[in-house]
Amino acid sequence: MKIGTPKEVLKGENRVAMTPESATQLQKLGHECLIEAGAGAAAGFTDDAYEAAGVTVVKTAGALWKEAEVIAKVRVPTDAEAKRLKKGQTLISFFAPAENELQMADLAKKGATVVAMEMVPRISRAQKMDALSSMANIAGYRAVIEAGNNFGRFFTGQVTAAGKVPPAKVLVIGAGVAGLAAIGTSTSLGAITYAFDVRPEVAEQIESMGAEFVFLDFDEEQADGAATGGYAAPSSPEFREKQLEKFREMAPDIDIVICTALIPNRAAPVLWTKDMVEMMKPGSVIVDLAAERGGNCELTKADEKIVTDNGVTIVGYTDFPSRMATQSSTLYATNIRHMMTDLTPEKDGVINHNMEDDVIRGATVTHDGEVTFPPPPPKVQAIAAVKKEKPKELTPEEKKAQEAAAFKAQTKQQVTLITVGAVLLLAVGLVAPASFMQHFIVFVLSVFVGFQVIWNVSHSLHTPLMAVTNAISSIIIVGALLQMGSSSFLVVLLAALSVFMAGINIFGGFLVTRRMLAMFQKS
């Protein structure tokens, strides 16, 4: 089939849905690729590069829409573009079906198939097609860069001959894909980074990236914020008030706020109010990634950058991915290519629109003359919410009985092992010569002592592989020490070398582990 990508008509949109690299992969699926002249220029892809990749460059948008059987684009089609779609054609793009009902019904009546990239279900198999995550990742990164561009100081702290510069303090609200990208960028630039999310299960992810998770002192389970589909659920009014109270407490000390709290097809919750902005220091920056849906900051103006009376800059741009058009286009085109791979299972250039497939069904909003939005929930949920049951509290008597039973079982196991070992040792002694028994007893003692040494080392200090090598080294050391009393100089020399080399192995391993752990610690 012929897959065509027109030039985006929305003002300021620099992305393109097909790159020379993705076109090469699409051709391997048996498809023919077309692109409108100049469609990739703003993203850094020339017409010559497309032609070199085997793509046919079409001079006008009208000719492309007429010739292509599949249209791949980025933004929601305009009314003029939608009129160009005809029966049997497939459109793959962002579509905003919840807000685009009239156009959706129109295209269904025409008999066109529409695949909305933002409707790809958030399940493991569909991650390679998740265009929302791809664009959110770029938006989170770009938000921090934009904040730095408007912030008058370094992110990292510095001590110079000219004076001391304190590190910037950054608060990231929302730890979804965009939030985690912002956290990673902020910490890598050296800022002291705080992050908040209504889902406490993301605290470990946040802390592993070098940021500090902001906990709320709240009676209800903060975990109630988790919802299916990989997004946070709306919070209760009581929880929200506690949340705002915490933000007010932090506002005077925070230099940069990155707002990322947004759920598709819903208005953005207001989390940074006017009074919080007034509490912030002059020169502070707020970057609101939810500006397109009203903004998380009360003073945000979509597609504008404003400076408040107290000198706080509020950035409300809605085109962050487009500001990194080359990277965004590469990722989005890859998402489209993976979608086409699922739609072309035989790699014969023929689309098989299998509505039994969770991913294809979830992303399809019109097909066979019908509106298929909203889709049924996928058979495999993105997140299985498991409620943790609190362990039953035991009475002192029950605790004593439990400890006694555990001690009895442990003692029984140890006695059994010692008995079996003694019987085996006796059986070997009945048939083996005395010289063999002497060495065999040394070996058994070495194994026992080596095991005990390693067993008592904290598990956080060594990996499973290192634990095994250390256990072997400990056995070697104990055995070598027992051989030090030998009358043979050669045996003593070999024993000494064994102790030396095994010691290097053990202490070197701990030293390497210490350095590895230090890589994840913020200085």
Side-chain angles (χ1 to χ4, degrees), residues 1-78 80-82 84-86 88-95 112-117 120 128-131 134-135 137-138 142 319-344 347-351 363:
M1 299 189 84
K2 293 181 179 180
I3 302 173
T5 295
K7 186 175 182 179
E8 295 296 322
V9 297
L10 189 69
K11 185 180 177 182
E13 181 54 72
N14 299 319
R15 290 173 290 178
V16 64
M18 183 190 295
T19 64
E21 184 184 354
S22 74
T24 302
Q25 299 299 322
L26 288 170
Q27 289 170 66
K28 290 179 180 178
L29 295 173
H31 300 293
E32 184 182 339
C33 296
L34 316 173
I35 194 156
E36 183 184 347
F45 304 107
T46 63
D47 290 346
D48 290 342
Y50 283 108
E51 287 179 339
V55 181
T56 303
V57 178
V58 181
K59 289 184 178 180
T60 65
L64 183 132
W65 283 81
K66 188 175 181 180
E67 189 176 350
E69 296 161 281
V70 178
I71 300 292
K73 64 187 305 295
V74 181
R75 288 282 191 164
V76 176
T78 61
E81 287 177 318
R84 285 175 165 166
L85 274 173
K86 55 185 183 288
Q89 274 188 315
T90 298
L91 171 69
I92 304 176
S93 75
F94 284 111
F95 194 77
T113 295
V114 178
V115 176
M117 290 303 288
V120 171
K128 59 189 176 184
M129 301 169 234
D130 190 352
S134 297
M135 298 303 102
N137 185 26
I138 292 172
R142 181 69 191 196
D319 60 348
F320 285 106
S322 184
R323 288 169 182 259
M324 297 183 69
T326 304
Q327 185 68 75
S328 300
S329 299
T330 300
L331 294 181
Y332 182 69
T334 301
N335 295 142
I336 294 280
R337 190 254 295 175
H338 283 303
M339 176 61 75
M340 289 303 302
T341 301
D342 271 30
L343 287 168
T344 321
K347 298 183 181 180
D348 56 357
V350 178
I351 286 182

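If you read the sequence from its start, that first residue is 1, and numbering goes on from there.
For the side chain to side chain contact (heavy atoms under 4.5 Å, CB included) with V70, the qualifying choice from L26, T90, V115, L91 is T90, the only one to do so.
Contact of the K66 side chain with the T60 side chain is not registered, since no non-hydrogen atoms from C-beta on lie closer than 4.5 Å.
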Let me have the donor-acceptor pairs involving side chains of residues 48-59, under 3.5 Å, with sequence neighbours excluded, atom names and distances please.
unit_1 : atom_1 : unit_2 : atom_2 : d
Y50    : OH     : M18    : O      : 2.5

Output a table of donor-acceptor pairs, distance under 3.5 Å, between side-chain atoms of residues 29-38 and any protein atom two or more places apart or on a different chain; print 'none' if there are none.
unit_1 : atom_1 : unit_2 : atom_2 : d
H31    : NE2    : T344   : OG1    : 2.8
E36    : OE1    : K7     : N      : 2.8

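Using a 4.0 Å cut-off between a side-chain N of Lys or Arg and a carboxylate O of Asp or Glu, E8 and R15 do not qualify as a salt bridge.
Distance check: D348 CG to M1 CE gives 10.5 Å after rounding to the nearest 0.5 Å. Taken to the nearest 0.5 Å, the OG1 atom of T330 stands 11.0 Å off from the CG atom of N335. The distance from the CZ atom of R75 to the CG atom of D319 is 7.5 Å, given to the nearest 0.5 Å. With rounding to the nearest 0.5 angstrom, the CD1 atom of I351 is 8.0 Å from the CD atom of E69. Residue I3 holds its CD1 atom at 3.5 Å from CE of M340, rounded to the nearest 0.5 Å. To the nearest 0.5 Å, atom CD of residue E13 and atom NZ of residue K73 are 8.5 Å apart.
Here the closest non-hydrogen pair linking M129 and M117 is O-CE, 3.5 Å. S93 and Y332 get closest at one heavy-atom pair: CA-OH, 3.5 Å. The two atoms that bring A42 and A325 nearest to each other are O-CB, 4.0 Å, heavy atoms only.
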Exercise for review: Check step by step if side chain to side chain contact (heavy atoms under 4.5 Å, CB included) holds for F45 and T326.
Suggested key: CA-CA 8 Å; F45 304 107; T326 304; 4.1 Å; yes
Practice item. Dump the intermediate steps for side chain to side chain contact (heavy atoms under 4.5 Å, CB included) on R84 and I71, then the final yes or no. Key: CA-CA 11 Å; R84 285 175 165 166; I71 300 292; over 6 Å; no
Review point. So T19 and T334, side chain to side chain contact (heavy atoms under 4.5 Å, CB included) or not? Walk me through it.
Key: CA-CA 9 Å; T19 64; T334 301; over 6 Å; no
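Judged purely by atom type and a 3.5 angstrom limit, Q89 uses its side chain to pair as donor or acceptor with the backbone of W65. Q25 places no side-chain N or O within 3.5 Å of a backbone atom of S22 that could act as its donor or acceptor partner. A donor-acceptor pair under 3.5 Å links the side-chain atoms of T5 to the main chain of A72, judged by distance alone. Between the side chain of K28 and the backbone N or O of K347 there is no donor-acceptor pair closer than 3.5 Å. Listed for the S328 side chain is a donor-acceptor partner under 3.5 Å among the backbone atoms of P321.
Within 6.0 Å of the CD atom in E21, the count of heavy atoms belonging to other residues, nucleotides or ligands does not exceed 12.
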